[in-house]
Amino acid sequence: MRGNLFSWNRRTGQRCKQFVITSAGSVKIRILLFCCIGFMLVLLTSFAASFLRFSDFAADDRFSGSRKGYTILINTWKRNDLLKQSISHYSKCQGLDSIHIVWSEPDPPSDSLKKYLNHVIKSNSKDGRSVELKFDINKEDSLNNRFKPIADLRSDAVFSIDDDVIFRCSSVEFAFHVWRTAPDAMVGYVPRIHWLDQESGNRDYYIYGGWWSVWWTGTYSMVLSKAAFFHKKYLNMYTYEMPASIREYVTRNRNCEDIAMSFLVANATDAPAIWVKGKIFEIGSTGISSLGGHTEKRTQCMNRFAAEFGKMPLVHSTMKAVDSRYIWFW
Ligand SMILES: *[C@@H]1O[C@H](CO)[C@@H](O)[C@H](O)[C@H]1NC(C)=O
């Protein structure tokens, strides 16, 4: 009776005969069909429902004028094409208040670049929104530049981002909402982990773990500042309160400013970072994480910083924030 479904189509003439003979089988098929249709209906309604709820949600935010948005703090280096792409994208996002470009190149930004970006922002600003665009020009080329305090920042929330990663506006808004429930925490999309090396004898030695380790254990202890929200007060703390030796180490090694920021926030809050689900689109092709020796360098940084802090401040977590409108089974 298993072949019936197929023979049904092919040999229409014998359909009735077989249908009668194998009525037990056809009952099963009908039940299966009903289940399929039912499932489709459930899917359709939940799609429609989530769409409706999404519109409500968006409208709700747009009209509550007193709420402050967030500032994008974008770090770039000699990749104007990527910068243009990123800013063209993010300037469409709803809660965006201002964009600060951390500029550390020897030459100042060209007039044509400024003109282009201003034009893009203007044409993407709807509903009377006016997004502010500023270049923060630095003389020295150091990775610490990305965490320099910004004078008269209009929002408390800073969304720190590299020029070569893009997240959908809906993901950004969601992470921003998560951050508002925990404004002291670092809230981001790219989790990393550390653990204590068991084989190092009685000396505390920490190992840095990348994407694989997070996936395998479901645990993380930091989120990278290449895509994370945090409070603007941490810019001050990073630049003026954190031990200068850590900033010097970051400048010298051209690495690990994100680990230093994670240490700083964890030490200040005694709490873990928050990992938010969000699909990452990488638009550049040369990430340093793809180069060899990356994990060893990161491990060295972590042990160095732990020594400077006098302890390991990072706290492990297994929590991942997801937008419940997009998950059906729970
Ligand atoms: C870590 O936090 C404590 C308590 O808030 C503070 O006193 C200390 O200076 C911080 N350590 C560093 C290295 O910032």
Side-chain angles (χ1 to χ4, degrees), residues 70-71 73 75 100 102 104 136 138 140-151 153 155-162 178-188 190-197 200 202-209 219-275 295-319:
Y70 54 87
T71 296
L73 189 55
N75 197 40
H100 284 256
V102 179
S104 308
D136 298 328
N138 297 281
E140 187 201 13
D141 167 29
S142 160
L143 283 174
N144 294 315
N145 290 344
R146 74 179 303 167
F147 297 137
K148 273 200 181 159
I150 301 166
L153 202 57
S155 68
D156 288 341
V158 172
F159 181 42
S160 162
I161 187 101
D162 279 358
V178 173
W179 177 82
R180 286 208 307 216
T181 68
D184 284 338
M186 215 165 151
V187 173
V190 190
R192 293 291 181 262
I193 189 176
H194 80 280
W195 65 86
L196 194 59
D197 185 11
S200 63
N202 45 16
R203 193 173 56 98
D204 280 352
Y205 188 76
Y206 302 99
I207 296 179
Y208 178 86
T219 309
Y220 62 99
S221 59
M222 63 192 114
V223 294
L224 300 186
S225 57
K226 71 190 280 180
F229 277 91
F230 51 78
H231 196 283
K232 67 176 176 190
K233 69 184 173 187
Y234 293 124
L235 298 175
N236 261 306
M237 288 170 72
Y238 185 97
T239 308
Y240 299 119
E241 288 171 28
M242 193 174 70
S245 51
I246 296 182
R247 285 192 301 277
E248 279 154 23
Y249 186 90
V250 164
T251 305
R252 210 168 44 244
N253 291 279
R254 302 190 136 270
N255 205 333
C256 299
E257 84 288 2
D258 47 356
I259 297 182
M261 185 51 118
S262 292
F263 268 60
L264 173 86
V265 177
N267 179 62
T269 57
D270 231 347
I274 301 176
W275 175 18
T295 307
E296 288 80 72
K297 271 196 195 133
R298 308 281 280 176
T299 291
Q300 274 172 25
C301 292
M302 276 206 334
N303 286 288
R304 177 66 182 259
F305 297 166
E308 300 273 1
F309 274 74
K311 63 171 183 180
M312 168 47 82
L314 298 179
V315 183
H316 286 104
S317 173
T318 57
M319 181 177 85

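Numbering of ligands and ligand atoms starts at 1, following listing order. Keep in mind that what you see is a predicted model, and the values were worked out from it rather than measured.
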Participant: Which ligand 1 atoms does Asn267 reach within 4.0 Å, using its non-hydrogen atoms?
Facilitator: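 By the 4.0 Å cutoff, the relevant atoms are 1 (C), 2 (O), 3 (C), 8 (C), 10 (C), 11 (N), 12 (C), 14 (O).
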Participant: Given 3.5 Å as the limit, does a donor-acceptor pair link the side chain of Asn303 with the main chain of Thr299, or not?
Facilitator: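 Yes, because the side chain of Asn303 sits within donor-acceptor range (under 3.5 Å) of the backbone of Thr299.
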Participant: Under the 4.0 Å line, does any protein heavy atom show up next to atom 4 (C) of ligand 1?
Facilitator: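 No.
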Participant: Is there a protein heavy atom at a distance of less than 4.0 Å from atom 7 (O) of ligand 1?
Facilitator: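 When distances to the protein are checked, atom 7 (O) of ligand 1 has no heavy atom within 4.0 Å.
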Participant: Of all the atoms in ligand 1, which lie at a distance below 4.0 Å from a heavy atom belonging to Pro243?
Facilitator: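 Going through ligand 1 atom by atom, the ones under 4.0 Å from Pro243 are 13 (C).
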Participant: Any donor and acceptor pair, going by atom type alone, linking the side chain of Tyr208 with main-chain N or O of Gln300 inside 3.5 Å?
Facilitator: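 Side chain of Tyr208 to backbone of Gln300, a donor-acceptor pair under 3.5 Å: no, none is there.
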Participant: Quickly, which of Asn138, Thr239, Asn236 forms a side-chain hydrogen bond (donor to acceptor under 3.5 Å, both in side chains) with Lys148? Name it, please.
Facilitator: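 Among Asn138, Thr239, Asn236, the one meeting side-chain hydrogen bond (donor to acceptor under 3.5 Å, both in side chains) with Lys148 is Asn138.
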Participant: Among Lys226, Arg298, Arg146, whose side-chain hydrogen bond (donor to acceptor under 3.5 Å, both in side chains) with Asp258 holds?
Facilitator: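 For Asp258, the side-chain hydrogen bond (donor to acceptor under 3.5 Å, both in side chains) check succeeds only for Arg298.
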